[in-house]
Protein chains: 2
Amino acid sequence: MTESIHKTTITDLARELQLTPSTVSRALNNHPAISAHTKQLVQALALKRHYQPNRIASSLRLGHTRILGVLIPSAEINFFGSVIHGIENVARQNDYSVLIFQSNEDEHFEQQGVQTFLRSRVSCVLASLAKETTHLRHFTELKRRGVPLVLFDRVSDELDVPSVVVNDYQGALLATLHLVQQGCRRIAHIAGQQHVPIFHTRLQGYYDALQQLGLPQDDTLVVYGQVTIESGYQCMRQLLELPEPPDAVFAVEDFTALGAMEALKDAGISIPGDIAIIGFANEAFGKYITPSLSTVDQQTIRMGEEAARLYFDYAAKGSFYETPAQKVVLDPVLIYRNSSLRLDSG
Amino acid sequence: MTESIHKTTITDLARELQLTPSTVSRALNNHPAISAHTKQLVQALALKRHYQPNRIASSLRLGHTRILGVLIPSAEINFFGSVIHGIENVARQNDYSVLIFQSNEDEHFEQQGVQTFLRSRVSCVLASLAKETTHLRHFTELKRRGVPLVLFDRVSDELDVPSVVVNDYQGALLATLHLVQQGCRRIAHIAGQQHVPIFHTRLQGYYDALQQLGLPQDDTLVVYGQVTIESGYQCMRQLLELPEPPDAVFAVEDFTALGAMEALKDAGISIPGDIAIIGFANEAFGKYITPSLSTVDQQTIRMGEEAARLYFDYAAKGSFYETPAQKVVLDPVLIYRNSSLRLDSG
DNA sequence: CTGTTAGCGCGTTCAA
DNA sequence: TTGAACGCGCTAACAG
């Protein structure tokens with residue numbers, strides 16, 4: 001289709017310069033055994049003829065594509081958009097390209113994605129698992145074939161491959177400590193479903209922070225929600241009905257925090273004066289609501305950069321699967337905003 | 001690198017079945033001239049040997065790659081993440097893949113992106129121009145070479161190629177009409193920099209709506225801002241100081257609207273009771289602020305889908321550049337939320 | 001219905 | 001320092 005325009009090849013250049021394709025190829029790739037004169041000649045003509053090397057032919061010959069296959073649940077989710085941003089920037093610096101495939105949280109699509117990457121002969125697959133993924137065969141298949149695989153964010157411990165995640169535990173710890181530092185003493189936690197690993201981890205971080213500070217652990221201060229705005233609202237109402245309500249709330253993520261804030265506003269309770277609030281994830285809206293929402297940033301761009309770097313580091317060292325799989329754990333970053341700042345110094 | 005595992009080829013399959021590679025190829029591609037028996041035989045063995053067709057070889061032979069090259073300013077911007085989402089979904093349905101390149105708003109990177117796509121021999125380029133792009137040579141080059149090019153959102157009229165944009169004019173018109181429909185009569189507009197086409201268009205839509213309704217055009221009700229939260233705040237203050245302040249504000253986009261809302265809150269003016277507000281762009285935060293922000297949705301996912309479809313439609317019809325370039329103009333969709341709803345029926 | 005032949009464009013032996 | 005020859009894996013034209 002639509003292939004009327006003739007594309008210049010090294011053969012064309014060779015013919016015009018009375019050389020062989022091999023020499024032209026070498027000259028273009030800056031091979032040491034080619035005279036400076038010839039190189040100049042070839043490169044000048046290549047420019048003049050608008051020569052563009054055919055990567056397909058080159059890939060076929062070389063056996064690899066310089067393409068990173070990125071498998072994500074959805075590009076529409078901000079988190080993954082940022083990760084793509086990070087990956088693509090590092091890829092570009094290494095003269096690699098990025099192929100995108102969305103699983104749309106469907107295991108079947110995920111398998112299809114792996115297959116597409118296999119067929120495209122990508123140099124590496126960077127993946128974040130779909131929520132509903134139960135079987136990991138398609139990923140072990142990649143490994144079996146020697147295709148480098150790096151996991152990020154939604155990882156699996158069963159798969160023994162390099163990965164990068166954010167330290168949820170530490171994020172929860174820091175968030176809780178921060179509230180105490182602001183003078184709060186009865187810190188509540190609106191938790192998520194405990195079968196989801198990250199939500200469970202955040203609860204642990206919350207508990208351990210209290211323990212580290214010698215604060216009592218009051219189980220009435222922990223309520224379990226559904227990780228939605230509405231659920232955050234309900235959970236907050238529940239906390240307000242306590243005989244001794246909290247003076248601060250650490251919400252498992254920002255939407256929950258938002259719901260909690262709405263409940264407080266409706267009840268005429270001041271934030272952070274009466275009750276301080278902190279969320280988790282640094283969603284885009286947090287900066288714009290009133291009061292602005294303190295939260296824990298998950299370093300999404302860096303996550304993408306690190307994932308890509310993991311591949312390049314291994315590739316530089318030689319083979320990918322002969323080194324033990326490195327697990328990069330990113331430190332989350334506290335974002336101090338008005339919903340939790342009671343003192344002047346954050 | 002890391003290529004120890006042997007990959008099955010059609011030749012391997014052919015040898016094992018005492019056939020020729022051509023027959024195997026045809027069987028796998030479901031060629032009509034192959035017996036059902038042979039097809040079954042081949043396909044069974046392909047499965048058994050975990051055969052994955054080599055797309056590189058196929059592309060080299062066929063002369064095209066079934067890859068869409070997507071050039072965007074940044075994957076971190078929500079808008080473009082959604083567009084990618086739309087593009088990838090349509091691409092996948094057609095058994096195409098999506099290659100991503102970010103210009104990071106830099107013309108030099110943009111050129112580099114086009115070059116990468118040229119070398120990768122993508123089947124089509126879908127692009128949204130970088131803000132600072134002045135020269136269009138790299139794009140005309142694509143056209144010159146017969147590589148299909150579809151522009152979306154940030155398009156250029158100089159380039160005579162298919163494109164898809166959202167109807168900003170109509171969005172502004174609808175937004176203004178909506179405010180009037182809610183009983184407002186003195187509608188103000190916080191405008192953007194008029195050298196930016198979309199901002200200028202929105203102003204026109206605003207003017208024309210007033211004219212259509214026979215409302216007076218009061219130039220003191222139009223203030224020009226910088227399209228930031230702070231600027232929105234200042235512009236709103238300016239409007240409040242008028243001898244006859246407005247009873248509604250159409251802001252050129254959501255961040256401006258947000259700033260305006262903050263100014264109103266600080267002044268103790270009720271939204272929408274005293275002054276109704278509507279923004280533009282349907283940014284993620286609008287749903288979550290109080291009151292929730294009415295706005296104009298730009299149909300980002302559909303924009304991606306339509307852009308991809310534009311290519312597939314042309315490709316199906318034959319050659320890309322022999323048909324006049326179609327300009328798809330998407331109808332924006334009004335999102336009615338609390339910042340503008342004074343009546344029960346939206 | 002299947003086999004034979006050839007070539008897509010490139011990079012890499014081996015030879016000179 | 002350059003050339004000749006070959007093959008990566010696949011598909012399409014031509015034969016039979």
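The chains referred to below are lettered A, B, ... by the order of the sequence lines, with proteins before strands, and numbering in each begins at 1.
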Of the nucleotides D:dC10, D:dG3, C:dT12, which has the atom closest to the A:Arg61 side chain?
C:dT12
Measure from the side-chain heavy atoms of B:Ala33 and tell me the nearest of C:dG9, C:dC1, D:dT2.
C:dC1
For A:Tyr314 and A:Tyr321, which I'm curious about, is there any donor-acceptor pair between the side chains at under 3.5 Å?
no
Considering every strand and a 4.0 Å limit on heavy-atom distances, what is the contact class for A:Ser35: base, sugar-phosphate, or nothing?
sugar-phosphate
Please give me every residue in residues 38-51 of chain A whose heavy atoms get under 4.0 Å of an atom in DNA chain D, ordered by residue number.
A:Thr38
Is it the case that A:Thr8 and A:His50 place a side-chain donor and acceptor less than 3.5 Å from each other?
no
Under 4.0 Å between a side-chain N or O of B:Ser25 and OP1 or OP2 of D:dC10?
no
Give the rounded distance in Å between these two atoms: CZ of A:Arg66 and P of C:dC10.
16 Å
Among the nucleotides C:dG11, D:dC10, D:dC8, which one has an atom lying closest to any side-chain atom of B:Thr9?
D:dC10
Send over the distance from B:Leu62 CG to D:dA13 C1', rounded to a whole Å.
14 Å
Without decimals, in angstroms, what is the distance between B:Arg55 CZ and D:dC8 C1'?
18 Å
Under 4.0 Å between a side-chain nitrogen and a carboxylate oxygen: does that hold for A:Arg154 and A:Glu105?
yes
Over all strands shown, is A:Ser22 touching base, sugar-phosphate only, or nothing at heavy-atom distances under 4.0 angstrom?
base
Between B:Gln115 and A:Gln52, is a side-chain contact (heavy atoms from CB on, under 4.5 Å) present by the stated rule, with each step listed?
CA-CA 8 Å; B:Gln115 228 183 36; A:Gln52 290 288 4; 3.1 Å; yes
For the side chain of A:Arg26, starting at C-beta, report the closest nucleotide among C:dT13, D:dT1, C:dC10.
C:dT13
Taking atom types as modelled, find out whether B:Thr134 and B:Glu107 have a side-chain donor-acceptor pair closer than 3.5 angstrom.
yes
Salt-bridge criterion met for A:Glu141 and A:Arg144 (N-O under 4.0 Å):
yes
Contact between B:Leu129 and B:Val155 at the side-chain level, heavy atoms closer than 4.5 Å - yes or no?
no
Polar side chain donor-acceptor pair, B:Arg26 to B:Asn29, under 3.5 angstrom
no
Picking from C:dT2, D:dC10, C:dG9, which would you name as closest to the side chain of A:Ala57?
C:dG9
Nearest whole Å is fine: how far is D:dG9 P from A:Arg119 CZ?
16 Å
For A:His37 and D:dT1, give me the distance from atom NE2 to atom C1', rounded to whole Å.
12 Å
Polar contact flag, side-chain donor to acceptor under 3.5 angstrom, A:Ser25-A:Ser22:
no
Under 4.0 Å, counting only non-hydrogen atoms across every strand here, what does A:Leu19 touch: a base, just sugar-phosphate, or nothing?
sugar-phosphate
What integer distance in Å separates A:Gln18:CD from D:dT1:C1'?
18 Å
Hey, does B:Ile56 reach any base, or is it just sugar-phosphate, or nothing, if we go heavy atoms under 4.0 Å?
nothing
Between D:dG9 atom P and B:Leu28 atom CG, what is the distance in whole Å?
15 Å
Please tell me whether A:Ser74 and B:His85 have a donor and an acceptor in their side chains that are separated by less than 3.5 angstrom.
yes
So what is the end-to-end bend of the helix from C:dC1-D:dG16 to C:dA16-D:dT1, with 5 pairs used at each end and the value given to 10 degrees?
40°
Please give, in whole Å, the distance from C:dC14 C1' to A:His31 NE2?
13 Å
From the candidates C:dT12, C:dG3, D:dC8, the one with an atom nearest any side-chain atom of B:Thr20 is C:dG3
Counting only side-chain nitrogens and oxygens, does A:Asn54 get under 4.0 Å of the OP1 or OP2 atom of C:dC8?
no
